[in-house]
Amino acid sequence: MIDLIWLGLFVVGLGTAAFTGRINEVSQAVLGGAERGVTLSFGLISVIALWFGLMKIAEKAGVIEWLSKLLRPIARFLYPSVPPDHPAMGSILANMSANILGIGNAATPIGLKAMKELQELNPDKETASDAMCTLLAINTASITLIPTATIAIRMQYHSANPTSIVGTTVLATGMATLAAIILDRLFRAMARRKKAT
């Protein structure tokens, strides 16, 4: 569906430009956008590589493991149906730790692994379990202490203070996480009530 929407926007824009005699501006915009995309990508590589290197050192130093231990009581509250010693719990904790540290690229494959392991615990393979829904909600709205990609983009565009968004990011993602947890619990209660009737 998204492909069709994008195709429609492209065709309408191109048709309008051709009809109004501004096709040259379309060519300039396309080439200029591609050039800016390449420039931004190369600029981000250095910053993100540096950050991932630092995170790798932190991982080797045991920071992620320490953070996982810190998050274990919270994970037990959020995922009561997952046994504490099940591999899914380890993947969930690693996913939460990576999201909190702003390592979104690392969090995604770990989250997929956690979802696969939760499916093994799911008694109804055709319907997502409560734990799977919670993982999706928490992963999407996860609190982030260090928004790595955003800081890198701000540095690329010569922001005077690229890290000034850290405070607002923590607040916004914290509120989003709280809202996700409340809605998750609310929908769980509604689903249980619906099953009971």
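Residues I151 and L145 share a single hydrophobic cluster, defined by chaining ILVMFWY side chains whose heavy atoms lie under 4.5 Å apart. Linking ILVMFWY side-chain heavy atoms closer than 4.5 Å, directly or via other members, places F77 and L136 in a single hydrophobic cluster. Hydrophobic cluster membership differs between L186 and L178, with clusters built from Ile, Leu, Val, Met, Phe, Trp and Tyr side chains linked at under 4.5 angstrom. Each of L183 and I74 belongs to its own hydrophobic cluster when Ile, Leu, Val, Met, Phe, Trp and Tyr are linked at side-chain heavy-atom distances under 4.5 angstrom. At a threshold of 4.5 Å between side-chain heavy atoms, the hydrophobic network of Ile, Leu, Val, Met, Phe, Trp and Tyr places M175 and L78 in two separate groups.
Atom-to-atom distance recorded for E120:CD and L118:CG is 9.0 Å, nearest 0.5 angstrom. Atoms CD1 and CG, on I143 and L171 in that order, are 9.0 Å from each other to the nearest 0.5 Å. With rounding to the nearest 0.5 angstrom, the OH atom of Y79 is 9.0 Å from the CG atom of L93. Taken to the nearest 0.5 Å, the CE atom of M132 stands 4.5 Å off from the CD atom of Q119. Here CD of E117 is found 11.0 Å from CG of L112. Values are rounded to the nearest 0.5 Å. Rounding to the nearest 0.5 Å gives a distance of 15.0 Å between CG of N122 and NZ of K116.
Using a 4.5 Å heavy-atom cutoff, the side chains of P147 and V166 are in contact. Looking only at side-chain heavy atoms (C-beta outward), D3 and L7 stay at 4.5 Å or farther from each other. Counting heavy atoms from C-beta on, the side chains of N95 and I138 never come closer than 4.5 Å. Using a 4.5 Å heavy-atom cutoff, the side chains of I100 and L71 are in contact. You'll find the side chain of T150 reaches within 4.5 Å of the side chain of I165, heavy atoms only. By the 4.5 Å heavy-atom criterion applied to side chains, R76 and M89 are counted as neighbours.
Taking Q28 as the reference, nothing meets the side-chain hydrogen bond (donor to acceptor under 3.5 Å, both in side chains) condition, with sequence neighbours excluded. Under the rule for a side chain to side chain contact (heavy atoms under 4.5 Å, CB included), the partners of R192 that lie at least two apart in sequence or sit in another chain are D130, R188. Under the rule for a side chain to side chain contact (heavy atoms under 4.5 Å, CB included), the partners of D85 that lie at least two apart in sequence or sit in another chain are P83. The side chain to side chain contact (heavy atoms under 4.5 Å, CB included) check on V26 picks up L14, A17, V30, with sequence neighbours excluded. For S159, the side-chain hydrogen bond (donor to acceptor under 3.5 Å, both in side chains) test picks out R154, with sequence neighbours left out.
A side-chain donor-acceptor contact under 3.5 Å links T173 to the backbone of T144. Looking at K113, its side chain never comes within 3.5 Å of a backbone N or O of S91 through a donor-acceptor pair.
The local environment of NZ in K194 is sparse, with at most 12 non-hydrogen atoms from other residues, nucleotides or ligands closer than 6.0 Å.
Considering every non-hydrogen atom in both R72 and P84, the closest pair reads NH1-O, 3.4 Å. Heavy-atom minimum distance, V82 versus A88: CG1-CB, 4.2 Å. The two residues A94 and I110 make their nearest non-hydrogen contact at CB-CG2, 3.8 Å.
For N161 and T163, the side-chain atoms include at least one donor-acceptor pair closer than 3.5 Å.
The side chain to side chain donor-acceptor pair (under 3.5 Å) contacts involving residues 11-25 comprise R22-E25, where partners must be two or more places apart or lie in separate chains.
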- Item | side chain to side chain donor-acceptor pair (under 3.5 Å) assessment of S142 paired with N139 | CA-CA 5 Å; S142 176; N139 188 50; over 6 Å; no

